[in-house]
Amino acid sequence: MGKTTTLKALHRSLVVGGQRVHICAPTTSAVETLRHDAMTADTVAGFLARSAGREDLRGAVLVVDEAGLASNRQGAEILQLAERHQARVIFLGDSRQHASVEAGDFLRILETHAPLHRVELTDIRRQTVAAYREAVRHMATGSAKAGLERLDKLGWIQEGRADYLRAAVGDFLKLSDEGRRLGSVLAVTPTWEENHAFTDLLRNELKARGVLQPGEVVSTHEPLSWTKAQLARATNYTPGLIVSFDRAMAGFKRGDFATVSRVEGGKVWLQGPGGERCLPLVRAGFSVATTKPLEICPGDKLLVRANASAAKLINGQTLTVASVRDGQIETVEGRRIDTNRFKQFTHGFAVTSHRSQSKTCDHVVVAAARLDAKAAYVACSRGRLSCALHTPDKATLLGRLPEGKREAALDFPLGRLLPLDRTPAWERAAQEPRHEAGSVPVRAALRDSWWRGLLRGLGEWSRRVLPGQSVDNRNIEKNSSHANYRFPSL
């Protein structure tokens, strides 16, 4: 905790020392937080896209905030960029919080397997109540169940059976002064199904109290969150689905959307302004959604789910509706949403645990039937003063808390096949002779004997394993030559 304060001090120190500093973060909302703290920042994707030919990167310091949300591909590209420009890289984040939506668990892999030194902040600043802070400390150190048990001892975990969402709404209203101080409370639901159900119950109560005024129904887009493989398969598409473009392609501009008109012969056709156009399925840069009617009232909270630079709308941003008329939404924050041109938003009274990461509020209300360790840690640690967790069955919630991490190839226990030292690499590196900051370039680090041994061992092993043989302990036991394999000497 205290990461933002530490980053501000680090940035100031580097700039005063004459260093060129480039700061980026995986999400647009995280970038906006950095800019709010007077630091020039860019998204990781934008920084990488604009890095070609930049001489100001040579010898610079690259800082990646919320690095736990960076994918393997992004992390690898940043390290390659640093190697080309002899730059230093500082990754800031918490591998026990949520990882990238894209493939990979980059920060955790670095911490577990790379021979890099790390510094850990252990003091917790956000929680001002000692018992609450102690519960969060257990979650931060990987003991999610112990942390939740301490919240339970405080009486903060409530078992509501079928009415757990309604009970969570009751707590939200009480803590927000019957909805008059919505900014003081954050509601977190780990699934969109719980999110929509919670929101419907809450909005009915807010209407009854006069917090929400009469509004109108507009058409929005509900994303399907397809993988790249699903996007590339024509059989997944049906007429009426909406395709939104993240970049210019197939005659459409970035931000445009079009309706699927037909699917024939393995091709998907879209209805555009100039007639039908074929969607290039093999290219990335678009998403698919369904249409959804949404009632918008003055006083509503809206969650923006895509970027629209012209309208100054940021993915993950929460806005408050001031007025709505003929599909034109005016917000308290001064933003205007033309629902004929921008439809990627929904109600924002509750957020998923992924969306809650990096947010802070006085009170947090969590409504969840199930949680993994990452979601429990992120959701329950958002509050300064209190956390109310509502669940249908307390024993089920506490009895199964999976880690929520995605395993990488390096994590698989190959036993005697690859008898690696399982001591975390950063601990081994900490015991080796220290170098002055910046004296060991990235290229030299990648030539470290540990990396070379791993790559050689994997290469030799892949040549020895019989074609078609699955890699599991049963096959390893059947093949003594494989089981007795050792790394070649360097």
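Predicted model, so just to flag it, every value in this text is computed and none were measured.
A 6.0 Å sphere centred on CZ of Arg341 holds no more than 12 heavy atoms belonging to other residues, nucleotides or ligands. The 12-atom threshold is exceeded at CZ of Arg247, counting heavy atoms of other residues, nucleotides or ligands nearer than 6.0 Å. The environment of CZ in Arg166 is sparse: at most 12 heavy-atom neighbours from other residues, nucleotides or ligands sit within 6.0 Å.
Remark: side-chain polar atoms of Arg384 are not paired, donor with acceptor, to backbone N or O of Gln127 under 3.5 angstrom. Under a 3.5 Å cut-off, the side chain of Asn307 and the backbone N or O of Ser309 do not form any donor-acceptor pair. Side-chain atoms of Asp177 do not come within 3.5 Å of backbone N or O of Arg180 as any donor-acceptor pair. For the pair Thr331 (side chain) and Leu319 (backbone), a donor-acceptor distance under 3.5 Å is absent. A donor-acceptor pair is defined here as one N or O able to donate and one able to accept, closer than 3.5 Å; such a pair exists between the side chain of Ser381 and the backbone of Tyr377. Put simply, the side chain of Asp256 gets close to the backbone of Lys253: a donor and an acceptor are under 3.5 Å apart. Not a single donor-acceptor pair under 3.5 Å links the side chain of Asp171 to the backbone N or O of Ala167. Judged purely by atom type and a 3.5 angstrom limit, Glu216 uses its side chain to pair as donor or acceptor with the backbone of Asp326. Under the 3.5 Å distance criterion, the side-chain polar atoms of Thr199 are left unmatched by any main-chain donor or acceptor of His196. Checked by atom type and distance alone, the side chain of Gln158 pairs as donor or acceptor with a backbone atom of Gly155 at under 3.5 Å.
Residues Pro190 and Leu371 come closest through the heavy atom pair CG-CD2, 4.1 Å. Nearest heavy-atom pair, Pro298 versus Ser323, reported as atom, atom and distance to 0.1 Å: CG-CA, 4.4 Å. The minimum heavy-atom distance linking Val304 with Phe342 is given by the pair CG1-CZ, 3.9 Å. The shortest heavy-atom contact between Leu69 and Gln74 is O-OE1, 4.4 Å. When all heavy atoms of Trp226 and Asn236 are compared, the closest pair comes out as CH2-O, 3.2 Å. When all heavy atoms are compared, the tightest approach of Ala368 to Tyr164 is N-CE1, 3.8 Å.
Atom CZ of residue Arg336 and atom CG of residue Leu313 lie 12.0 Å apart, to the nearest 0.5 angstrom. The line from OG1 of Thr40 to NE2 of His11 is 6.5 Å long, rounded to the nearest 0.5 Å. The NZ atom of Lys145 lies 10.5 Å from the CG atom of Leu397; values are rounded to the nearest 0.5 Å. How far CZ of Arg233 is from CG of Leu281: 11.0 Å, rounded to the nearest 0.5 Å. Here Phe198 contributes atom CZ and Phe349 contributes atom CZ; the two are 9.5 Å apart, rounded to the nearest 0.5 Å. Note: Leu62 CG to Arg20 CZ = 10.5 Å, rounded to the nearest 0.5 Å.
Looking only at atom types and distance, the side chain of Lys301 has a donor-acceptor partner in the side chain of Thr320 under 3.5 Å away. Remark: the Thr360 side chain and the Arg126 side chain contain an N/O donor-acceptor pair separated by less than 3.5 Å. Between the side chains of Tyr237 and Gln230, no donor N or O sits under 3.5 Å from an acceptor N or O.
Cys380 has its side chain within reach of Leu148: a pair of non-hydrogen atoms, C-beta onward, lies under 4.5 Å apart. Leu279 places a side-chain heavy atom less than 4.5 Å from the side chain of Val243. Looking at Trp156 and Tyr132, their side chains come closer than 4.5 Å, going by heavy atoms from C-beta outward. Looking at Ile337 and Thr339, their side chains come closer than 4.5 Å, going by heavy atoms from C-beta outward. You'll find the side chain of Cys387 reaches within 4.5 Å of the side chain of Leu151, heavy atoms only. Between Leu302 and Ile329 there is a side-chain heavy-atom pair separated by less than 4.5 Å. You'll find the side chain of Gln344 stays beyond 4.5 Å of the side chain of Thr220, heavy atoms only. Looking at Val63 and Leu92, their side chains come closer than 4.5 Å, going by heavy atoms from C-beta outward.
Asp42 has a carboxylate O that lies under 4.0 Å from a charged side-chain N of Arg50, or vice versa, which qualifies the two as a salt bridge. A salt bridge between Arg203 and Glu205 is absent, with no side-chain N of the basic residue lying under 4.0 Å from a carboxylate O of the acidic one. We find that Arg254 and Asp246 are not joined by a salt bridge, their nearest charged nitrogen and carboxylate oxygen being 4.0 Å or further apart. Taking 4.0 Å as the cut-off between side-chain N and carboxylate O, Glu333 and Lys312 do not count as a salt-bridged pair. A salt bridge is absent between Arg335 and Glu330; no separation between the charged side-chain nitrogens and carboxylate oxygens falls under 4.0 Å. Ion pairing between Glu295 and Lys207 holds under the 4.0 Å rule for side-chain N and carboxylate O.
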Step-by-step side-chain contact (heavy atoms from CB on, under 4.5 Å) determination, Asp300 to Leu212: CA-CA 7 Å; Asp300 257 326; Leu212 294 184; 3.7 Å; yes

Taking it one step at a time, do Lys343 and Glu222 satisfy salt bridge (Lys or Arg N to Asp or Glu O under 4.0 Å)? CA-CA 9 Å; Lys343 298 176 180 287; Glu222 183 70 17; over 6 Å; no

Walk me through it: do Lys153 and Glu134 pass the test salt bridge (Lys or Arg N to Asp or Glu O under 4.0 Å)? CA-CA 12 Å; Lys153 288 181 180 179; Glu134 183 63 22; over 6 Å; no

Could you walk me through whether Leu7 and Leu34 pass the side-chain contact (heavy atoms from CB on, under 4.5 Å) check? CA-CA 9 Å; Leu7 177 56; Leu34 293 169; 3.4 Å; yes

Check step by step if side-chain contact (heavy atoms from CB on, under 4.5 Å) holds for Leu48 and Val44. CA-CA 6 Å; Leu48 291 171; Val44 170; 3.8 Å; yes

Can you check side-chain contact (heavy atoms from CB on, under 4.5 Å) on His390 and Val366, steps first, answer last? CA-CA 6 Å; His390 292 266; Val366 183; over 6 Å; no

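The residue from Ser184, Ser176, Ser386 that alone fulfils the side chain to side chain donor-acceptor pair (under 3.5 Å) condition with His363 is Ser386. For the side chain to side chain donor-acceptor pair (under 3.5 Å) with Arg355, the qualifying choice from Asn195, Thr189, Asn315 is Asn315, the only one to do so.
For Phe91 and Phe106, the distance between ring centers is under 6.0 angstrom.
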